[in-house]
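First comes the structure, then the notes that go with it.
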Amino acid sequence: MSKKHNKRKLAGVVAMSTSLVFLATACAGGATDDGSADSGSTDNEPTVEATGETKIDRAAEWLDQEFENTTLSREEALAEMQWFIDAAADMDGMEISVVSETIAPHEYESNVLTQAFEDITGIQVTHDLIGEGDVIERLQTEIQTRNSIYDGYVNDSDLIGTHQRGDYVFPIDNFDSAYVSPTLDLDDFIGLDFTTGSDGVLYQLPDQQFANLYWFRYDWFNDEDIKQQFQDEYGYELGVPVNWTAYEQIADFFTNKVNGDGTIDGQEVFGHMDYGKKDPSLGWRFTDAWLSMAGNGDAIGDSPNGLPVDEWGIRVEGCKPAGSSVTRGGDVNGPASVYALQKYLDWFEYAPPTAQGMDFSESGPVVGQGQIAQQIFWYTVFTASASDPSLPVNDENGNPKWRMAPSPHGAYWKDGQKLGYQDVGSWTFMNHADEDRRNAAWLYAQFVTSKTVDVDKSIAGLTFVRDSTVNADYFTENANRYGGLIEFYRSPDRVNWTPTGTNVPDYPALAQLWWANVGQAAAGEATAQEAMDSLAEAQDEVLARLERSGAGGECGVELNEERDAQYWLDQPGAPVPALANEDETPETVPYDDLVARWNVG
């Protein structure tokens, strides 16, 4: 049995003052009002004051007072901590620095685990918390100059294709066995495929991960009167939408028809929420698997991403990127991708009038305000903040009135295709780094993901990387607090949610093209087809530049010659021809039946 989690330690981490602060800063970065880097909140300092004379005594104090929900027995946890003490014996007093984006699990690391690590090993860690974009900028600067800024980085595994093709990453596989914990248990990590290159090399170690899923008001969907109204209007049961046709009809129902005027308890409600401001955050709204949810690209098979064409619409031949445009065998501007963008635009009709002018940060708090019936694209990193009992989407006992479920898919989607995105922040180390400092940072990376601490870190951030943590007693006993998050991560369906993969050879250079081109359509300055044609052309220009540079080694870019689009549309797999009818028969499933299927699976 797990012990009752002691709320004294993490009020600041989980609540972050209010849920809206978290919703406004997660993923979008961690800049302060004056634009400077935000080093994290200061109201969640560790309360453990280890006073033991020896390091193992101090480890025992941390275990008893902070890491009380570990999946290990007390003896196993102390043995794991003893290994860290021994491995760091020659590093006592060393000072190192690492960096990550500002989200709850990393705040826990920066404000709690650094102190525990120092007490137990003697290594002093400065763990900086900054915006996600700033992390990438500093990483790029270090790559270009080969001068160390940090001893370790937590950056998205979306860069795996970039890392694989560079010569700057020190792979996890390369660490001396003397510094690899015998209890690291790589097989326990649920996202290891995402940090492994197509060459089979493990480049990064997952630290936290979260998915984008479908969010909905469980209480409204189970209200007998509302259900009957929907049944009368559309002829099928209101439930979790399986496809986009059902999602659109549910959106129309809540925005325009529920109770005759689109209101519940006298309050105007909306059947959809999104954001559309021409802003960098619009880019990841699409690169985070929106096109594959519509059905672009190929099936994932044994790879986490579509092969030979992935959700970015990039075709690879072997491991060589060969093109984005349909005329080169890519799928950026194919019918499925254009359909994905068009549906995104059409559905603003069902969202609050201000949604199209919002960016990611501005739109984040809206679902918590109580007027949104469903959202097709919702990051589970918001779970902790959306559970704030003061919000109208939670009941008087703090239990959620909402749930999360698998994302519905578009008309082009087929079984075996990727169905959503997972963000996997992962430890990354540099070849040019000082070896001793890199080894110390590697010990810290293993410590903050160790079985001793991982359950309590996951309670703080709800961003799971270990299967043992997902199945820990604590989360079994408290699953009802998290709106379906635990059920999803225990389900067999989670494998269809993956990050950007190895088809993308230069993530920073290619990612910036998306918001600019998609933004043209969102602003009404281009049609969906024109925007995707422009994006495909821009991506191929970047790929051509990479090909000329000779970068990437055996997996460097080798563009296909352009051919008539029909040639590629006639080939098996992606890109596929336009469907005569993109409106499927609507399909829904009762949420409780879905969870029951997961439990059996």
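Start at 1 with the first residue, then count along the sequence.
Applying the side chain to side chain contact (heavy atoms under 4.5 Å, CB included) test to L186 and every residue at least two apart in sequence or in another chain returns L184, F189, L192, L202, L205. When the side-chain hydrogen bond (donor to acceptor under 3.5 Å, both in side chains) test is applied to D185, the partners found at least two apart in sequence or on another chain are K451. Scanning for side-chain hydrogen bond (donor to acceptor under 3.5 Å, both in side chains) contacts around Y153 gives E142, with sequence neighbours left out.
T428 and Q204 form a side-chain donor-acceptor contact under 3.5 Å, judged by distance and modelled atom types alone.
Between F221 and Y591, a ring centre-to-centre spacing not shorter than 6.0 Å is recorded. Aromatic ring centres of W515 and F360 lie farther apart than the 6.0 Å criterion allows. Y421 and W284 have their aromatic ring centers separated by at least 6.0 angstrom. Between F254 and H272, the distance separating the two ring centers is not shorter than 6.0 angstrom. Taking the centre of each ring, W244 and W413 stay at or above the 6.0 Å mark.
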Evaluation steps, side chain to side chain contact (heavy atoms under 4.5 Å, CB included), between I486 and F464: CA-CA 10 Å; I486 308 306; F464 302 103; 3.6 Å; yes
Step-by-step side chain to side chain contact (heavy atoms under 4.5 Å, CB included) determination, I226 to I264: CA-CA 9 Å; I226 291 175; I264 294 177; 3.9 Å; yes
Criterion side chain to side chain contact (heavy atoms under 4.5 Å, CB included) on W497 and F488, from CA distance to verdict: CA-CA 11 Å; W497 278 255; F488 170 76; 3.8 Å; yes
Steps toward side chain to side chain contact (heavy atoms under 4.5 Å, CB included) verdict (W427, V448): CA-CA 11 Å; W427 284 99; V448 302; 3.8 Å; yes
Worked check of salt bridge (charged side-chain N to carboxylate O under 4.0 Å, His left out) between R597 and D493: CA-CA 10 Å; R597 177 173 63 82; D493 287 352; 3.5 Å; yes
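Look at R403 and D592 and you find no salt bridge, because none of the NZ, NE, NH1 or NH2 atoms lies under 4.0 Å from a carboxylate O. Note on R217 versus D223: no salt bridge recorded, every NZ/NE/NH1/NH2 to OD/OE distance being 4.0 Å or above. Salt bridge D395/K401: absent, no basic N to carboxylate O contact under 4.0 Å. Between D207 and K457 a salt bridge is recorded (basic side-chain N to carboxylate O distance below 4.0 Å).
Judged by distance alone, the side chain of Q374 and the main-chain N or O of G271 form a donor-acceptor pair under 3.5 Å.
For the ring-ring contact (aromatic ring centres under 6.0 Å, His included) with W402, the qualifying choice from Y218, W220, F216, W378 is W378, the only one to do so.
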